Amino acid sequence: MPDKKGRVTGVNGNLVRVRFDESVLQNEVATINCKGTQLKGEVIRIRGQEAEMQVFEDTSGVSVGDEVAFTDDLLSVELGPGILKQVYDGLQNPLYKLAEKSGFFLERGLYLDPIDRDVDWDYSPTVKVGDSVKAGDTVGTVPEGIFKHRVMIPFSWSDTWTVTWVVDPGSYNVDTVVCKVKNSKGQENDVTMVQKWPIKKPIVNYKEKVLPVDTLVTKKRLIDSFFPVARGGTFCTPGPFGAGKTVLQHSLSQHSEADIVIVAACGERAGEVVEVLREFPHLSDPRTGKTLMDRTIIICNTSSMPVAAREASVYTAVTLAEYYRQMGLHVLLLADSTSRWAQALREMSGRLEEIPGEEAFPAYLESLIAGFYERAGLVELDDGSTGSVTIGGTVSPAGGNFEEPVTQGTLKVVGCFLGLSRARANARRFPSIDPLESWSKYKSVVDNDQVTTARSILKRSHDVHQMMMVVGEEGTSNDDYIIYQKGEFLDAVYLQQDTFDDVDGACSVERQQEVFNTLMMVLTAKFALGDKDKIRTYFNRLRQLFIDWNFIASGTEAYDEKVKLIEAMIKEAQDA
Amino acid sequence: MRKVYNRILQIAGNVIMLEAQNVASGELAMINSRHGASLAQVIRLDQDQVYLQVFAGSRGLSTGDEVRFLGHSMQVSSSPKLLGRIFNGSGVPRDNGPELDEALIDIGGPSVNPAKRIIPENMIRTGIPMIDVFNTLVESQKLPIFSIPGEPYNELLARIAMQAEVDVIILGGMGVKYDDYLYLRDTLDEHGALHKSVLFIHTAADPVVECLLVPDMCLAVAEAYAVEGKRALVLLTDFTNFADALKEIAITMEQIPSNRGYPGDLYSQLAARYEKAVDFDGAGSITILAVTTMPGDDVTHPVPDNTGYITEGQFYLKGGKIDPFGSLSRLKQNVNKVTRDDHRTIMDTMIRLYADCLESREKQSMGFRMSTWDTKLLQYGDLFETRMMDLSKNVALEDALDDGWAALAECFDPEETGIKTDMLEKFWPKKSEASN
Ligand SMILES: Nc1ncnc2c1ncn2[C@@H]1O[C@H](COP(=O)(O)OP(=O)(O)OP(=O)(O)O)[C@@H](O)[C@H]1O
Ligand SMILES: [Mg+2]
């Protein structure tokens, strides 16, 4: 590799200008030697003999004339066994290892191996000498927790290769050569258990991308039944501060039926990540019997960590997601918050003195958002198996107003919109997803026509409520009042769900279907109840029964008893 | 000995530019002018051109003034002698005491490794029911007090500081009125808390740029104590002035504003400070309470808005009371599960019924007929306001919970409250008690 060097000519926050002699690549990684500390950065603009770099660290102490070394590499992550259960920063630095080295604080310029070299893996080859392989093909596997981790020919190797040597099955660390391959030009390459991949490029070693069809079950009634998410689909959850975005994402990361969950804490509070990383090792995953941490990767670049690394963090996260997808797994990536990523772009764009778009966001914001969500998808792999990446991002719009560039740019590209409302959060109606504003293009776990019926009742109930504010209860007909009560009932017993309750917090598909059917009996019933006081009392009682039911574990006697009580109460009150 | 420069090429706003070599980004310089000496900090380097932000402001600076680079960035002493002392924004004593230059540490240091944080779980008792019962303050929490100008926010700040069990109190004033500074200082003094306090005070009359240093000075000192195992409480007032100072510098530097003139990195700037709140794994903690005045009582104004996205809830001060709906402690669930069995029940029920009461009041004001239920709610609302919302109350959490049950029992039948039966059996006041 040529020894490419340069010198600092200007510093403006985390944007550093460098004069270079030879050639540099766009998005090439370089390090600034700041009095012996190596600060990593990425070239983001080249003009003449000067390159502008966004530096992934605090730049205090950098002087004009400091030496810069270019690496000839794009910003990349390491892929291999041992990524699961890790807690990384936005550049894939392992945070626990960093803490061992530098204590309480994140030390500038300290970068460690993302994948532990001291761990040995039980390797079993799946190819033999003479086999023909290409990029992305599996050459062996190692057990990584609950999964068979595929060791693959690096995704970037073009050409077909013939296997010339294979290691014996055994226990090796990731740098061990596990097989050798040769191409038609006679070039021979070593394959190890790790490879590198540039994070801003999608991994595309699959047969084809197919339309997401299956619902990704989240065990949230409001989502699965009303605004479902698909495996390989995309969704966003915009909402003002304190509306419940993070609580919702944490709950999704616990209960969603995905093989792997990647939590990308992007520019948000450190305290929230701490909850995940301290609690997940102790929470059990009902799907596997292991802990939740066994299926989780945390990418954590919180708000006080360097801004440029925050920009990188979402790409790091999605690249890891694509890597596990290549093993035929279903990966859910949750990014909180994509607005902080967009703000990182805005900060950089401002320093580059680019012509700003709306709210000073760069003009290319929308295409970057689209490019990010496009990395989701359900794919058919070359061996016929399927894998998927589902992406859910929170959006934190300024002033809680959805008419802003990040929300709007996101809404254009996602398949499901779960809009969180301040009013619902204030009224403690959780999850505070607005049932009148939200939408989804994916398939529900309950009957679609019935969902439409339920939604229309919700809408009419809302209208009656609005009217009642003007004309009072006295001016409302009993029939309208029943519609109003039905809507409120649907909200209280089905849409609202107690996230923190062991039973109610996670509602299985079967249970959703059963509850939904009973709910529809209420919504479609023609009630003969008398005056408004009687109507209100009736619905209050029915609601209490239903809510109690929601908190009783399935398959218990108490559960069946409640169902009987509820059904009887519905029958009693119907018109003859 | 470093070279001295005496040719300032540009003075605009509070930023000056000169040509110099071997200067580092973030480095400090001392400027000596006819009006005295001022510190300045390098904020941009462009070849030989060095841009500095002058803490004492540029008024009266001359192009021929002497600029001497100091070879380090802003520092503050972390010596135990700090306790009981009062400084201005750039660390100069304002209490006639000696300058402190022992145990100097850099301000604005790196962030805490999230792996070294623990989940906070210690309640900070304040004796204020609206806080203890409904929006429990937790050690290591970062919480702003949203307020319109004129509300008693400094009184509330002082009240919490006096009540809280902490080892050190660090008070940072940003653009505070001189009278408010005196009030805060004297209150600490009267309660015998000054000896465990450190004050960094920037008053409204001081140069704007100095205000920018205050939170970093406070938090660097707090961090030094926390690492030593101490529980530090940092009180900052008023963060909106800090944001306005940022805005001023950004505009001078011709940065493109993102929202109402504030720079695009406002969120990151505020977060860098608030995120210093921490509960260390194996050491102490930092709790931050910060007054954030809201221009025009508008929560969507960029300063409160960005703050709300960063902090762990907010106390919303309105009409001299902590508003039960706009206020939130996001960490309360970490502690109120272990305080007392009925804590969550009282918290949820009383707020829900108060919301219902407000609806009844609205109906009443519109001239609709009041049902018996409405009448009960109206009675309850008055009780809630006098017994729970009054900020002058000073009662233990347990007594406040008992008061809550009593108020409910005075107004409602048990089954009207929507409280689960087992809770009612255990806590609902017996008839004789309620009628007393
Ligand atoms: N499902 C829920 N059940 C009960 N309480 C909730 C729920 N969701 C949110 N809350 C309450 O609201 C608070 C804020 O929620 P959360 O942190 O998820 O907000 P957010 O939308 O992520 O805000 P920000 O944009 O500031 O990060 C929580 O601390 C909790 O008190
Ligand atoms: Mg959040």
Side-chain angles (χ1 to χ4, degrees), chain A residues 8-13 17 58-65 87 95-96 98-99 102-108 240-242 267 269-271 273-275 277-279 300 302-305 307 340 343-344 346-347 350 353 356 359-361 396 398-401 426-428 472-474 500 544, chain B residues 21-27 44-48 73 108-120 140 227 255-259 263-265 267-268 271-272 274-276 278 280 283 300 302 305-306 308-310 312-314 325-326 328 330-331 333 348 351-352 355 363 366 368-369:
Chain A
V8 171
T9 58
V11 184
N12 176 14
R17 244 182 23 244
D58 176 20
T59 54
S60 3
V62 175
S63 302
V64 168
V87 182
L95 288 178
Y96 277 104
L98 279 183
S102 69
F104 287 131
F105 299 98
L106 292 166
E107 196 179 304
R108 204 161 65 138
F241 69 75
R269 305 168 185 81
V273 193
V274 175
E275 282 176 24
L277 60 89
R278 296 269 168 185
E279 280 172 1
C300 158
T302 55
S303 56
S304 65
M305 288 160 76
V307 171
R340 306 302 164 217
Q343 285 177 343
R346 174 167 75 184
E347 283 182 31
E353 293 172 358
E359 288 184 23
F361 283 107
S396 317
N401 180 1
N426 279 356
R428 303 288 183 261
E473 266 179 33
E474 302 101 294
F500 303 111
Q544 197 64 42
Chain B
Q21 285 84 40
N22 295 325
V23 174
S25 165
E27 186 173 342
R44 185 188 289 188
L45 295 171
D46 188 356
Q47 301 283 12
D48 284 349
S73 55
S111 58
V112 173
N113 188 331
K116 293 300 252 180
R117 290 173 178 262
I118 50 172
I119 300 180
S140 91
V227 166
Q255 284 177 23
I256 302 148
S258 69
N259 199 344
D265 65 355
Y267 174 85
S268 301
Y274 277 114
E275 283 284 307
K276 294 272 178 200
V278 62
F280 281 116
T300 67
D305 187 48
N306 277 288
Y309 274 121
I310 291 163
E312 290 154 338
Q314 65 277 336
F325 305 110
L328 172 71
R330 300 200 193 187
L331 300 185
Q333 55 261 35
D348 290 336
I351 294 287
R352 181 164 41 78
K363 277 196 255 172
M366 289 172 70
F368 292 129
R369 201 171 49 226

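In this text, all values refer to a predicted model and were calculated from it rather than measured experimentally.
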- Query: More than 12 non-hydrogen atoms from neighbouring residues, nucleotides or ligands closer than 6.0 Å to CG on B/Asp348, yes or no?
  - Reply: yes

- Item | Any side-chain heavy-atom pair of B/Pro110 and A/Asp58 under 4.5 Å | no

Name the region of [X], side chain, backbone, both or neither, that has any atom closer than 4.5 Å to a heavy atom of chain B.
X	result
A/Glu347	side chain
A/Arg108	neither
A/Val307	side chain
A/Glu107	neither

Among [options], who wins on heavy-atom pairs under 4.5 Å with chain A?
options	result
B/Ser111, B/Pro114, B/Gly26	B/Ser111
B/Ala272, B/Ser140, B/Gly308, B/Ala271	B/Gly308
B/Glu27, B/Glu312, B/Gln47	B/Gln47

If you count heavy-atom pairs within less than 4.5 Å of chain B, which of [options] leads?
options	value
A/Glu279, A/Glu474, A/Gln544	A/Glu474
A/Ala427, A/Gly242, A/Gly10, A/Ser396	A/Ser396
A/Arg428, A/Arg269, A/Glu353, A/Gln343	A/Arg269
A/Gly13, A/Gly65, A/Gly350, A/Pro240	A/Pro240
A/Ser304, A/Ala99, A/Ala360	A/Ser304

Non-hydrogen atoms of chain A under 4.5 Å away: do they reach the side chain of [X], the backbone, both or neither?
X	result
B/Val23	backbone
B/Tyr309	both
B/Arg369	both
B/Ser258	both
B/Ile118	both
B/Gln255	neither
B/Pro120	neither
B/Arg330	side chain

With a 3.5 Å distance limit and no angle check, can you tell me whether [X] reaches the backbone of [Y] through a side-chain donor-acceptor pair?
X	Y	value
A/Glu275	B/Ile119	no
B/Gln314	B/Gly326	yes
B/Lys116	A/Leu106	no
A/Ser102	A/Phe105	yes
B/Asp305	A/Gly399	yes
A/Arg17	A/Asn12	no
A/Arg278	B/Ala115	yes

- Message: Over 60° means perpendicular and under 30° means parallel, so tell me whether B/Phe280 and A/Phe104 are parallel, tilted or perpendicular.
- Response: tilted

- With sequence neighbours left out, the residues meeting salt bridge (charged side-chain N to carboxylate O under 4.0 Å, His left out) with B/Asp265 are A/Arg351

- Could you tell me which residues satisfy side chain to side chain donor-acceptor pair (under 3.5 Å) with B/Gln21, sequence neighbours excluded, listed by chain and number?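 For B/Gln21 the side chain to side chain donor-acceptor pair (under 3.5 Å) partners, ignoring immediate neighbours, are B/Asp48.
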
